[in-house]
Chemist: 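The structure is given below, and queries will be raised subsequently.
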Amino acid sequence: MIELAGIIILGIIAQWVAWRLKLPAILPLILIGLIVGPIATLYTQDGSKLIEPIWNGSKGLFPGESLYYFVSLAISIILFEGGLTLKRSEIKNVGPVITKLITLGSLVTFFAAGAAAHFIFGLSWQISFLFSALIIVTGPTVITPILRNIPLKKDVSTVLKWEGILIDPIGALAAVLVFEFISVGEVEGYTLKALTEFGKILLFGFSFGFTFAHALVFVIKKNFIPHYLLNVVSLSAVLLVFVESEVFAHESGLLAVVVMGMVMGNINLPNIKELLYFKESLSVLLISILFILLSANINIADLQLLLTWQTIALFAIIVFLIRPIGVLLCTQGSSLKWNERIFISWVGPRGIVAAGIASLFGSKLLARGETGAEYITPLVFMIVLGTVLLNATTARIFAKIIGVFLKKSEGIVIIGSSLASRLIGAYLQENGRHVVLIDNNQTNVEKAKNLGLEAINSNIYADTLTDNIELNDVGYLMALTGNSDINQYAIDTYKDEFGENGSFRLVTSDEMGDPEKNPKEGLFSHTDDFIKLTEAARKNPTIHEIDLNDKEHYEGLIEITKADGDVVPIFLKTPEGELLIISSYSKDFMDITKGYKLVYLGKQLEGSGEEAALEATESEEGVT
């Protein structure tokens with residue numbers, strides 16, 4: 001009881017430490033497992049582990065093969081959750097570089113790492129290719145914490161993020177298929193009968209996963225399941241699919257749940273987000289328990305296998321040769337610069353799925369007496385720990401050395417996606433700024449996307465925004481919603497994350513017209529609140545530019561906009577094209593000379609001599 005409770009407590013502590021230090025959770029989890037497991041034999045009085053996963057006659061948690069059953073069921077749930085995140089539309093939209101990374105890049109890793117393991121360690125081709133299939137996987141859980149505090153160009157962050165998300169289930173599927181092929185060959189020999197058995201595994205894995213996915217979707221859509229039972233019924237269905245598929249074709253269960261997750265993730269299911277949240281929470285708990293158990297189950301003799309020059313050679317070849325070759329091939333002919341391609345090739349930490357499946361498959365093959373199987377788990381753990389440590393400690397420094405580290409974050413996050421927000425966002429994007437609109441109103445988000453803007457459907461109170469590494473180049477925050485509490489919350493919560501260069505919000509109705517109440521973070525002027533901004537955008541959905549002569553000319557125009565309810569000043573544009581956000585402290589700009597422009601929303605000022613205007617291509621009723 002103490003051991004089991006200790007694993008759960010240590011696992012959650014490790015997750016918290018990882019969050020606090022902004023590290024991948026797998027790093028403290030595996031280290032804790034090693035400390036209470038094999039390393040404990042070096043400092044305990046009787047030379048035993050503090051946590052013994054398998055019952056050895058006097059101590060242990062799981063008798064016989066129970067540990068493998070638990071690991072199998074836990075991995076099935078984790079893989080199902082990973083499958084839910086893989087959507088065809090996302091693969092279609094991510095671009096050729098990411099598509100190549102998850103296809104050509106995976107093949108390069110598979111064959112090159114397999115050959116390296118075979119010739120360096122003398123492993124059989126089957127074991128070598130199982131090892132290489134396992135280390136294909138990176139995963140968002142290891143990429144995101146490493147890059148969260150490194151300001152990068154959006155293109156670089158996007159490539160790394162989507163590679164991790166999409167390759168997770170693909171790499172898992174590849175590893176499952178290789179393991180099943182090995183399993184069949186061990187029993188039948190690599191003959192026509194073995195290929196027939198392998199085909200049987202594929203048939204039952206794909207058919208069970210596909211059929212049960214559609215069946216579960218059908219009963220959910222028909223409301224045959226009450227809402228409060230939805231998550232637990234889905235969990236039961238995943239376990240049922242895994243077990244039933246195993247009954248009909250041994251070793252086909254993991255394939256079935258991966259397919260089931262992929263199919264359900266690509267069906268328009270109204271409760272899919274809620275299901276994902278539940279599975280993510282469950283996965284966190286299972287991962288916390290799983291990796292302490294698996295690390296503790298490694299013996300000191302397994303670790304001693306790695307104390308050779310071959311281990312260093314294999315790690316160096318995979319990290320410094322195979323990964324760069326794969327990335328450079330996949331990014332050939334793309335718009336990415338050389339330094340950006342080199343940085344992507346440097347960042348390739350292996351993740352949770354790789355370590356989990358390695359332990360499961362390694363243990364099963366070892367129990368069958370497969371030659372070289374004892375290397376699978378320690379080698380994969382070595383690659384996982386080594387790549388995570390390397391990237392966690394050097395990614396920021398390396399980004400600065402090769403020149404991909406953004407010295408100043410020029411991106412802008414706009415909270416709210418109303419018509420005025422969309423107009424302002426479109427103007428900023430036209431002027432070369434990375435703009436992201438955030439709104440929990442799906443209709444507004446879709447309108448923004450139809451204008452070619454990047455928009456995220458998210459609740460401002462959710463914690464997931466800070467996990468989005470594609471926002472790493474954001475340095476300005478503009479809160480433009482009609483709710484003053486939301487605007488203030490956005491400033492208070494995200495000013496350090498997204499507003500390092502400036503955080504602004506609309507003034508409230510109480511602050512309007514009273515200079516004494518004029519907040520430093522106020523936008524535009526103390527006479528421009530959400531209502532005035534909305535009315536100006538509704539009556540005249542156009543953004544104009546007007547040439548300025550000097551500071552007095554600017555101040556005069558500002559006074560005009562304060563008196564006119566249909567005009568709202570937004571930016572000051574320098575002769576070099578830089579856009580300065582106008583705050584309600586509008587007289588703070590001291591050096592305004594000829595060549596500057598005032599950017600404003602609303603009706604055209606008479607006699608302005610404006611040179612450019614951005615008009616709306618939509619109405620409040622819909623996109624035209």
Chemist: Could I get the full list of side chain to side chain contact (heavy atoms under 4.5 Å, CB included) partners for V232, not counting sequence neighbours?
Modeler: L229
Chemist: When you measure from the side chain of E163 to the backbone N and O of L160, does any donor-acceptor pair fall under 3.5 Å?
Modeler: no
Chemist: Step by step, would you call F248 with L203 a side chain to side chain contact (heavy atoms under 4.5 Å, CB included)?
Modeler: CA-CA 10 Å; F248 281 86; L203 174 63; over 6 Å; no
Chemist: V36 versus K49: any side-chain heavy-atom pair under 4.5 Å?
Modeler: no
Chemist: Please step through side chain to side chain contact (heavy atoms under 4.5 Å, CB included) for the pair L314 and F131, ending with a clear verdict.
Modeler: CA-CA 12 Å; L314 182 62; F131 164 77; 3.8 Å; yes
Chemist: For the residue pair F208 and F204, categorise the inter-ring angle as parallel (less than 30°), tilted (30 to 60°) or perpendicular (more than 60°).
Modeler: tilted
Chemist: Is the backbone of L390 close enough, under 3.5 Å, to the side chain of T393 for a donor and an acceptor to pair up by distance?
Modeler: yes
Chemist: From W16 CH2 over to R20 CZ, what is the distance, rounded to the nearest 0.5 angstrom?
Modeler: 5.5 Å
Chemist: Nearest 0.5 Å, please: how far is OG1 in T109 from CD1 in I325?
Modeler: 10.0 Å
Chemist: Treating H118 as the side-chain partner and L123 as the backbone partner, does any N or O pair qualify as donor plus acceptor under 3.5 Å?
Modeler: yes
Chemist: Which label fits F398 and W346: parallel for a plane angle under 30°, tilted from 30 to 60°, or perpendicular past 60°?
Modeler: parallel
Chemist: Could you check whether any side-chain heavy atom of E340 comes within less than 4.5 Å of a side-chain heavy atom of V159, counting everything from C-beta outward?
Modeler: no
Chemist: Under 3.5 Å, is there a donor-acceptor pair between the side chain of S124 and the main chain of I127?
Modeler: yes
Chemist: Quick check: closest heavy atoms across P28 and A14, and the distance to 0.1 Å?
Modeler: CG-O, 3.6 Å
Chemist: Go through the steps for F70 and L293 under the test side chain to side chain contact (heavy atoms under 4.5 Å, CB included), then give the verdict.
Modeler: CA-CA 11 Å; F70 171 75; L293 278 174; 3.8 Å; yes
Chemist: Tell me if a side-chain donor or acceptor on R350 pairs with a main-chain N or O of I135 at a distance below 3.5 Å.
Modeler: yes
Chemist: Would you compute the distance between atom CG of L29 and atom CD1 of I13 and round it to the nearest 0.5 angstrom?
Modeler: 11.0 Å
Chemist: Whether the side chain of R341 engages the backbone of L328 through a donor-acceptor N/O pair (distance < 3.5 Å, no angle test) should be reported.
Modeler: yes
Chemist: Which heavy atom in W125 sits nearest to a heavy atom in A115, and how many Å separate them?
Modeler: CZ3-CA, 3.8 Å
Chemist: With a 4.5 Å limit on heavy-atom distance, are the side chains of F242 and I77 in contact?
Modeler: no
Chemist: Test your reading of the model: is there a side-chain donor-acceptor pair from T44 to the backbone of S48, 3.5 Å cut-off?
Modeler: yes
Chemist: Would you check if the distance from the ring center of F121 to the ring center of Y375 is below 6.0 Å?
Modeler: yes
Chemist: Verify, without hydrogens or angle tests, whether S132 (side chain) and A113 (backbone) share a donor-acceptor contact under 3.5 angstrom.
Modeler: no
Chemist: Contact between I143 and P349 at the side-chain level, heavy atoms closer than 4.5 Å - yes or no?
Modeler: yes
Chemist: Do V319 and I383 pass the side chain to side chain contact (heavy atoms under 4.5 Å, CB included) test, and can you show the C-alpha distance, the side-chain angles, and the key distance before you say yes or no?
Modeler: CA-CA 9 Å; V319 173; I383 295 294; 5.8 Å; no
Chemist: Taking the side chain as everything from C-beta on, heavy atoms only, tell me whether H214 gets closer than 4.5 Å to V263.
Modeler: yes
Chemist: With distance as the sole test, does K100 use its side chain to make a donor-acceptor pair with the main-chain N or O of T331 at under 3.5 Å?
Modeler: no
Chemist: Which heavy atom of I292 sits nearest to which heavy atom of I7, and what is that distance?
Modeler: CD1-O, 3.7 Å
Chemist: So which atom in L50 and which in A40 form the shortest heavy-atom distance, rounded to 0.1 Å?
Modeler: N-CB, 3.8 Å
Chemist: Looking only at heavy atoms, which two atoms of E246 and G253 are closest? And how far apart?
Modeler: OE2-N, 3.0 Å
Chemist: So, taking the atom named CD1 in I344 and the one named CG in L101, what distance separates them when rounded to the nearest 0.5 Å?
Modeler: 7.0 Å
Chemist: What's the spacing between F381 CZ and L134 CG if we round to 0.5 Å?
Modeler: 11.0 Å
Chemist: Could you tell me whether the side chain of N391 and the main chain of I146 form a donor-acceptor pair under 3.5 Å?
Modeler: no
Chemist: Does a side-chain heavy-atom distance below 4.5 Å link T311 with I120?
Modeler: no
Chemist: Counting C-beta onward and ignoring hydrogens, is there a side-chain heavy-atom pair between F405 and I150 closer than 4.5 Å?
Modeler: yes
Chemist: Rounded to the nearest 0.5 Å, what separation is found between the CG atom of L27 and the CG atom of L389?
Modeler: 5.0 Å
Chemist: Mind listing the closest non-hydrogen atom pair of S295 and P38 along with its distance?
Modeler: O-CD, 3.4 Å
